[in-house]
Amino acid sequence: MDDSLFAYGGSPASGADVPGAGSLGVNTHASAPLAVRMRPRTLDELVGQEQLRAPGAPLRQLVEGDQSLSLLLWGPPGTGKTTIAAIVSGQTNRRFVEVSAVSAGVKEVRAAIDGARRELVATGRETVLFVDEVHRFSKAQQDALLPGVENRWVTLVAATTENPFFSVISPLLSRSLLLRLESLTDDDVRRVIDQALVDERGLAGEVDLDEDAAAHIVRLAGGDARRSLTYLEAAAAGARSTGDKTAKPVITLAVAETAVDVAAVRYDRQGDQHYDVISAFIKSIRGSDADAALHYLARMIEAGEDPRFIARRLVISASEDIGLADPNALPIAVAAAQAVQLIGMPEARINLAHATVALAVAPKSNAAYVGINEAQADVRAGKVGSVPPHLRDGHYAGAKKLGHAGGAAKPYVYAHDEPFGIAEQQYLPDVVAEAAYYRPTELGAEAAIKQRWERVRRIIRGQKG
């Protein structure tokens with residue numbers, strides 16, 4: 001962490017009086033990455049996010065009305081979260097202080113807020129405190145932000161790629177305006193690229209871009225403006241080094257493919273898409289679409305997802321979505337999880353694929369899942385009742401006198417002594433004596449189980465027919 005960010009005592013830290021100062025304000029020199037040099041300076045330069053830039057929108061009111069309002073920006077990488085923080089700072093002439101949740105702790109957060117409070121008292125100037133990747137902060141670190149937000153010592157702009165309802169504490173969430181940023185469209189990304197080609201901060205017209213190469217970069221960017229500019233910069237360097245030195249360099253499709261030799265996978269395993277892709281994976285298995293399930297499995301593998309996480313979800317799905325419709329589903333999923341531990345990646349991808357296909361094509365039943373949900377709901381509702389006396393523990397002196405485990409009033413019937421090994425007697429407490437939690441389907445192997453279970457239940461409960 002750069003100590004100058006917190007050098008509030010005495011004279012301001014270097015760059016502190018420059019709007020947009022900090023890690024954003026000092027990276028506009030020619031050697032800075034293209035994505036940094038091309039960072040929009042006003043809301044009108046921001047590409048995409050029309051819902052946030054519309055007249056009267058809260059973000060525009062904050063910037064143009066110079067209001068003190070904390071923001072929580074939620075969206076995929078490369079959609080403008082850091083840029084919006086810089087715009088709020090620059091256009092409202094507030095000091096800009098950046099804290100990264102990757103490297104900062106409670107001490108640094110408190111130092112930033114204390115410095116902002118001193119600046120406000122001494123000069124009347126407000127501070128934009130930008131917290132990148134706020135979802136990486138612990139609860140204690142997020143709690144440390146609350147005094148600054150509540151007392152408006154800072155205008156907090158916190159950015160996250162993860163669903164804030166899972167990763168941000170409720171008090172902070174309730175005190176901030178949540179803005180959802182959408183992935184950029186291909187047209188948006190193309191506008192970003194075209195602007196960078198001609199802008200003096202960018203390539204300044206020194207390189208041409210073929211249409212096929214532009215389409216390739218847009219496709220690989222996957223809605224991420226920063227990624228598209230990184231690819232463009234790499235392709236421009238490739239064109240300059242391989243082209244005719246006497247002619248204007250041209251980024252051809254071949255040059256772009258060479259510069260960007262690994263296709264970017266549109267999946268951020270640390271961000272909100274982590275939840276979206278695993279959700280689509282499980283729902284594809286549940287829907288019996290093996291092709292879709294393999295697609296989402298491939299996305300997770302290519303993104304570097306923890307294979308143990310995938311294996312755990314397969315084990316859950318085997319019981320939740322398949323159950324006794326295919327009794328082999330759970331052993332297959334457990335075996336895949338064990339194979340992941342034993343073999344490791346990349347070979348374990350084959351075991352994961354094996355289990356994925358097996359679960360996807362298996363007959364489906366959620367009867368066990370529904371059954372435990374309904375049983376738990378009854379228990380939570382107070383339908384517990386007393387254990388029937390004949391089922392209570394009888395391995396202690398005096399148990400039989402109490403009527404436990406085979407007392408004279410109602411003896412316990414040993415099931416193995418009865419025809420078919422099934423005894424007619426009450427097992428459930430009185431309050432739920434007629435409950436039917438397990439209702440098997442007629443799918444796969446569960447069809448035979450359904451027929452047997454219905455007969456067994458009638459015998460147990462003394463029902464005829």
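No side-chain donor-acceptor contact under 3.5 Å links Lys383 to the backbone of Ala377. When atom types are taken as modelled, the side chain of Ser70 and the backbone of Leu156 share a donor-acceptor pair closer than 3.5 angstrom. A donor-acceptor distance shorter than 3.5 angstrom exists from the side chain of Arg60 to the backbone of Arg53, with no hydrogens or angles considered. When atom types are taken as modelled, the side chain of Ser317 and the backbone of Leu314 share no donor-acceptor pair closer than 3.5 angstrom.
Counting heavy atoms from C-beta on, the side chains of Leu120 and Arg125 never come closer than 4.5 Å. Put simply, the side chain of Arg152 does not reach to within 4.5 Å of the side chain of Glu126, judged on heavy atoms. Within the 4.5 Å cutoff, the side chain of Trp74 has heavy atoms near those of the Leu178 side chain. Looking only at side-chain heavy atoms (C-beta outward), Tyr296 and Ile282 stay at 4.5 Å or farther from each other. A heavy-atom distance below 4.5 Å is found between the side chains of Leu129 and Leu145.
Between the side chains of Thr441 and Glu446, at least one donor N or O sits under 3.5 Å from an acceptor N or O. Side chain to side chain, Tyr437 and Asn373 fail the donor-acceptor criterion of an N or O pair below 3.5 Å. Checked by atom type, the side-chain pair Glu374/Gln376 shows no donor-acceptor distance below 3.5 Å. A donor-acceptor contact closer than 3.5 angstrom is absent between the side chains of Arg94 and Thr127. Side chain to side chain, Thr160 and His135 meet the donor-acceptor criterion of an N or O pair below 3.5 Å.
Under a cut-off of 6.0 angstrom, the local environment of CZ in Arg201 is crowded, with over 12 non-hydrogen atoms contributed by other residues, nucleotides or ligands. Crowding of Arg286 atom CZ: a count of heavy atoms from other residues, nucleotides or ligands under 6.0 Å exceeding 12.
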Side chain to side chain contact (heavy atoms under 4.5 Å, CB included) for Asp132 and Val99? Distances and angles first, verdict last. CA-CA 7 Å; Asp132 196 16; Val99 174; over 6 Å; no

One pair to check against side chain to side chain contact (heavy atoms under 4.5 Å, CB included): Asp224 and Leu184. What are the steps and the verdict? CA-CA 7 Å; Asp224 187 326; Leu184 301 184; over 6 Å; no

Decide yes or no on side chain to side chain contact (heavy atoms under 4.5 Å, CB included) for Val106 and Val109, but give the supporting numbers first. CA-CA 5 Å; Val106 173; Val109 171; 5.6 Å; no

